[in-house]
Structures are given as structure tokens and as C-alpha cells.
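The next block holds one structure in the form of C-alpha cells; read it before the comments.
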Amino acid sequence: MVSLAGSQIPSPGQSPCAAARPSQHRTGHSMRTIRSALLQPESCPGSPHLAGEDSDMENLTDSVIDFHLSELAATAGPAHPAAVAKSSSANAAATEMLELSRDFSDYSSFNSDISGELERLAAAAATPRSDVVEIGAVDLNELESMDLSVEAAPLERVEPFVLACVQALGADAAPDARRTAAARIRLLAKHRSDIRELIGVSGAIPALVPLLRSTDPVAQESAVTALLNLSLEERNRSAITAAGAIKPLVYALRTGTAPAKQNAACALLSLSGIEENRATIGACGAIPPLVVLLSAGSTRGKKDALTTLYRLCSARRNKERAVSAGAVVPLVHLIGERGSGTSEKAMVVLASLAGIVEGRDAVVDAGGIPALVETIEDGPAREREFAVVALLQLCSECPRNRALLVREGAIPPLVALSQSGSARAKHKAETLLGYLREQRQGVGGCRVEPVAASSLAR
């Protein structure tokens with residue numbers, strides 16, 4: 001990375017080459033060195049520990065979680081008009097960031113069910129069926145080979161299997177029977193919207209919730225994934241929430257198999273589609289295990305954790321929880337993992353966390369500015385745009401960060417981006433260069449509106 005601590009910011013129309021003065025690269029400041037130290041405890045003095053080592057997650061007993069939930073309930077209700085206005089202003093950027101890109105939060109863009117595809121299909125027209133269904137003798141094993149297409153399996157044919165599964169999930173059923181029934185509901189709920197709706201009204205949801213705490217990892221994983229699949233039907237999300245599934249899903253996120261953890265993260269993402277659930281999910285302790293998944297999970301697990309954190313961090317309190325849980329260090333590390341699909345998402349979450357003072361400080365302490373500048377310097381075009389948005393969020397209200405950005409040698413790559421990038425990239429780069437010009441002219445410190453990453457939506 002080229003460091004231009006003494007460089008002049010070019011005026012509009014001035015060649016970047018004319019403004020740049022050569023300087024020596026700072027010894028020991030390469031991005032390879034920085035990134036190799038990011039996940040070491042000593043790399044970020046004073047920063048919170050990663051979840052899973054010595055985090056608040058270990059202190060979130062059920063009684064503590066219930067206390068947090070009671071606090072939420074106590075504070076719910078009509079707010080003072082002044083508080084509403086303040087909240088609306090403070091959360092404007094976060095609300096817009098939820099619209100960042102379709103493939104960041106749309107279920108059609110990722111496969112959450114490890115055993116097969118999770119596709120959001122158009123709701124099929126319900127097939128006329130009788131009000132009374134005779135279950136008779138149903139062999140649940142037939143589902144393994146059954147064609148579940150609309151033509152081959154109308155709802156009249158599927159319903160006896162659904163009801164048989166619900167019966168087999170009863171509290172007095174044998175453990176083997178409950179495990180098998182959960183696996184079959186997982187299978188049935190994977191393909192069709194009308195079947196998911198049928199399962200949702202059959203009583204299966206409250207019967208699945210106790211299995212989320214099962215000591216049988218297979219049963220727990222099947223229950224987690226069944227609820228994930230069911231949550232793809234919007235009508236089922238309220239039923240899953242009402243059945244008390246959030247706390248047990250967080251438990252599965254902490255204790256389950258790798259697929260169970262990934263699918264629990266996606267189920268919580270789906271439930272966070274109900275805005276009121278975001279605070280509840282955070283209060284139930286979901287943030288620390290998501291950070292663990294972000295740090296130590298597979299590529300797929302990291303993507304699921306990033307997507308869920310992105311949605312949850314639209315709430316300010318969850319931003320604070322994420323920073324306290326040590327999310328920033330692994331996020332900065334992920335910026336350098338290009339080609340895996342995690343870099344863009346990591347920069348978006350960083351931009352969200354930079355919306356609070358604690359988040360901005362943590363990003364700087366973790367080496368976020370050099371990592372973002374290097375992305376602008378030599379990253380792919382789309383990643384450059386995300387990096388500029390994150391830097392704008394870091395620097396828009398912080399003259400100290402603007403000075404750090406200048407010392408990091410950001411001016412030449414920003415000038416190049418303002419001249420040769422996409423229309424969006426040019427605009428963002430020019431805006432950031434304007435802030436840096438103000439900084440050099442002693443005008444820094446003026447308040448500007450938070451940057452909305454939704455401007456990158458495709």
C-alpha cells in the first residue's frame with residue numbers, strides 16, 4: 001500500500017499524479033502483517049474478547065435472559081414523541097442499510113438447508129380438500145421416495161402424513177419416533193409453500209420446539225431445520241415466535257452440530273423479519289454465538305452468521321452487543337478473504353457497526369482502515385464500493401479517523417476511483433475526498449448525515 005502522509009489532496013480537475021509526493025512505505029505496516037495478527041489477543045489491546053472464550057454468552061443463563069425479556073416487555077408501548085423523533089433520526093441509516101442488496105437478505109440467494117435446496121417458491125394454489133381427513137395406517141418411510149410435486153402430491157395426499165408426524169411428535173411418544181417425525185417434517189417443509197402452510201396450522205410447530213433442546217444431536221438438527229424451512233412461509237413466523245422458539249433456537253446455535261448451528265442462525269434471520277423480534281433475539285443471547293460462528297465456522301457458517309448479524313444490527317442495542325462480543329476483529333479479517341463471498345458482507349456489517357461510537361473505535365483499533373484502503377486500492381470493483389461506504393461511515397463524524405485515513409495513503413486510490421469507478425463509486429469517492437479536503441483545511445468536525453449503504457443496492 002502506498003503511504004502518502006504528506007500528499008496534497010487534489011482540487012477538482014487536478015491530476016492525482018501532480019498532487020502526490022513520493023514517500024517511503026512504513027516498515028512493518030504491510031496488510032499481510034496486519035491481517036496475520038488480527039485474531040491474536042495482543043493485536044487489539046483493550047478490545048473485547050471473542051465470544052466463546054470469555055464472553056457475556058457464558059453469563060446468559062435462562063434467568064438472566066428472562067430478566068432481559070421482562071425489561072423489553074416493560075419498555076414496550078407508546079413512546080414519548082421526542083424519543084420517537086430521536087429514534088427515527090438515529091436509526092435512519094440502519095433502516096436503509098437493511099435494503100442494501102437483494103442477495104444479502106433474500107432467501108433465494110443462499111441454501112440454508114444443508115440436506116438440499118431451500119427455494120422460495122411461489123405459493124401454489126391450495127387444492128380443494130375435505131374438512132375431515134382419515135389418517136388410517138400411514139407409513140412415514142414412504143416420504144423418502146414420494147414425489148412431492150404439486151401434480152403428484154395434492155394436499156389431500158400429504159395431509160395424512162403431516163397429521164401422523166404431529167402425533168408422533170407428542171411428548172409421550174418414543175424418542176426414536178419423535179426423531180423420525182421431525183426429520184419427515186423437515187423433508188415435507190422443504191419444497192412447497194402450501195405444504196409449509198398446512199404444517200403450520202397442524203400443530204407441528206409447538207411440538208417441534210422442545211426438540212431444540214434435545215440431547216440427541218440428530219433430533220435437534222432435524223427440529224432446527226424443520227423450523228427454518230417452516231419459517232420461509234411468512235405466516236408461520238408469528239406462530240414460531242408465539243411457540244417460544246427463540247430461546248431454544250439460540251440454545252441450538254450454541255450447542256448444536258455444525259449444520260444445526262448454521263440452520264439455527266438462518267432460522268433466527270428469518271424470525272428477525274418481524275422487527276419486534278430483533279431486540280428479543282439479541283436479549284436471548286444470540287449475538288455471541290453468532291460471533292463464534294463468524295470466527296470459527298465454515299465458509300457457509302460465516303456467511304449465515306454475517307447475514308444474521310447484518311439484520312439484527314439494525315437495532316442499536318444489538319450493535320453494542322456485537323461490538324462487546326468481539327465481532328469487529330473477525331469482520332476486519334474477513335475483508336481480506338476475497339473470492340469466498342464473505343468480504344462484501346463483512347464490510348456491510350462493519351459499516352453498520354460504525355454507526356455507533358464504540359463500533360468506530362473498535363474498527364480503527366482492529367486495523368479496519370488499512371484493510372478498507374487496500375480493498376479500494378486493489379479489490380474488485382463491487383468490493384471497492386462497499387469499502388468506500390464503510391470508510392464514509394467511519395469518517396463522516398470523526399475528524400480523527402479522517403486524519404488516519406490520510407496517513408494511511410488513501411488519497412491516490414480514492415482519486416483513481418473517483419475518476420475510473422462506477423457512477424456510484426465515483427460519487428462516494430468524491431464525497432469522501434471532500435471530507436478529507438475539509439480536514440486538511442481545518443473545517444473538520446462538522447456534522448453530516450450518516451451514510452446509507454443502501455445506495456449500493458442493485
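Hydrogens, waters and symmetry mates are skipped; everything else that's a heavy atom, side chains included, is used.
Separation of atoms CG (L394) and CG (L405) is listed at 9.0 Å; rounding is to 0.5 Å. Rounding to the nearest 0.5 Å places CE of M347 at 14.5 Å from CD of Q393. A distance of 9.0 Å separates OG1 in T215 from CD in Q220, rounded to the nearest 0.5 Å. Rounded to the nearest 0.5 angstrom, I199 CD1 and E159 CD are separated by 11.0 Å. Rounding to the nearest 0.5 Å gives a distance of 10.5 Å between CG of L227 and OG of S270. Separation of atoms CG (L268) and OG1 (T308) is listed at 7.0 Å; rounding is to 0.5 Å.
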Walk me through it: do V388 and T431 pass the test side-chain contact (heavy atoms from CB on, under 4.5 Å)? CA-CA 10 Å; V388 170; T431 302; over 6 Å; no
Does L198 form a side-chain contact (heavy atoms from CB on, under 4.5 Å) with L155? I'd like the steps, not just the answer.
CA-CA 8 Å; L198 171 63; L155 285 183; 4.0 Å; yes
**Message:** Test side-chain contact (heavy atoms from CB on, under 4.5 Å) on V332 and L372; report intermediate values, then the result.
**Reply:** CA-CA 9 Å; V332 171; L372 291 166; over 6 Å; no
* Given the rule in the side-chain contact (heavy atoms from CB on, under 4.5 Å) test, do K261 and R254 qualify, once you have shown the distances and angles that lead to the verdict? -> CA-CA 7 Å; K261 290 178 179 179; R254 294 177 56 185; over 6 Å; no
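L163 is not listed as a side-chain neighbour of Q167, based on a closest heavy-atom distance of 4.5 Å or more. Using a 4.5 Å heavy-atom cutoff, the side chains of C284 and T280 are in contact. Within the 4.5 Å cutoff, the side chain of L253 has no heavy atoms near those of the V292 side chain. With contacts defined as side-chain heavy-atom distances shorter than 4.5 Å, the pair F386/K428 does not qualify. Contact check for D216 versus P175: no side-chain heavy atoms found under the 4.5 Å cut-off.
Partners of S214 according to the side-chain hydrogen bond (donor to acceptor under 3.5 Å, both in side chains) rule, which considers only residues two or more places apart in sequence or in another chain, do not exist here. With sequence neighbours excluded, no residue satisfies side-chain hydrogen bond (donor to acceptor under 3.5 Å, both in side chains) with S202. Residues passing the side chain to side chain contact (heavy atoms under 4.5 Å, CB included) test with E320 are R316, R317, I356, E358, sequence neighbours excluded. By the salt bridge (Lys or Arg N to Asp or Glu O under 4.0 Å) test, K303 pairs with no residue at all, sequence neighbours left out. Under the side chain to side chain contact (heavy atoms under 4.5 Å, CB included) criterion, T180 pairs with R184, sequence neighbours left out. Shown here are the side-chain hydrogen bond (donor to acceptor under 3.5 Å, both in side chains) partners of N236, two or more places apart in sequence or in another chain: there are none. Residues satisfying the salt bridge (Lys or Arg N to Asp or Glu O under 4.0 Å) test with E383, not counting sequence neighbours, are R338. Listed by chain and residue number, nothing satisfies the side chain to side chain contact (heavy atoms under 4.5 Å, CB included) test with D172 (two or more places apart in sequence, or in another chain). Legend: residues meeting side-chain hydrogen bond (donor to acceptor under 3.5 Å, both in side chains) with S298, ordered by chain and number and at least two apart, are Q262. For the side chain to side chain contact (heavy atoms under 4.5 Å, CB included) test, residues two or more places apart in sequence or in another chain that qualify with N277 are T241, I246, L271, I274, I281. Shown here are the salt bridge (Lys or Arg N to Asp or Glu O under 4.0 Å) partners of R235, two or more places apart in sequence or in another chain: E197.
Looking at R382 and E344, a side-chain N of the basic residue comes within less than 4.0 Å of a carboxylate O on the acidic one, giving a salt bridge. Using a cut-off of 4.0 Å between Lys/Arg side-chain N and Asp/Glu carboxylate O, E377 and R384 are scored as not salt-bridged.
Between the side chain of N229 and the backbone N or O of R186 there is at least one donor-acceptor pair closer than 3.5 Å. Side chain of D304 to backbone of A265: no donor-acceptor contact under 3.5 angstrom is found. For the pair K319 (side chain) and C313 (backbone), a donor-acceptor distance under 3.5 Å is present. Judged by distance alone, the side chain of R237 and the main-chain N or O of S231 form a donor-acceptor pair under 3.5 Å. The closest donor-acceptor contact from the side chain of S324 to the backbone of R321 lies at 3.5 Å or more, if one exists at all. Within the 3.5 Å criterion, the main-chain N or O of L312 finds a donor-acceptor partner in the side chain of N318. The main-chain N or O of V348 is never found under 3.5 Å from a side-chain atom of S352 such that the two would form a donor-acceptor pair. Between the side chain of R196 and the backbone N or O of A189 there is at least one donor-acceptor pair closer than 3.5 Å. In this structure, the side chain of R178 does not engage the main chain of L211 through any donor-acceptor pair within 3.5 Å.
The minimum heavy-atom distance between A322 and L353, with the atom names listed, is CB-CD2, 4.0 Å. What you find for L294 and A305 is that their closest heavy atoms are N-CB, 3.9 Å. Nearest heavy-atom pair, R311 versus S272, reported as atom, atom and distance to 0.1 Å: CG-OG, 2.9 Å. Shortest non-hydrogen contact noted between D147 and A153 is O-CB, 3.4 Å. The minimum heavy-atom distance linking A346 with L334 is given by the pair CB-CB, 3.8 Å. Counting all heavy atoms, side chain and backbone alike, T342 lies closest to L306 at O-CD1, 3.7 Å.
For the 3.5 Å distance criterion, the side chains of E430 and S418 fail to qualify, holding no donor opposite an acceptor. Side-chain contact annotation: R278 with S314, donor-acceptor N/O pair under 3.5 Å present. Side-chain contact check for E233 and S193: at least one donor-acceptor pair (N or O, by modelled atom type) lies under 3.5 Å.
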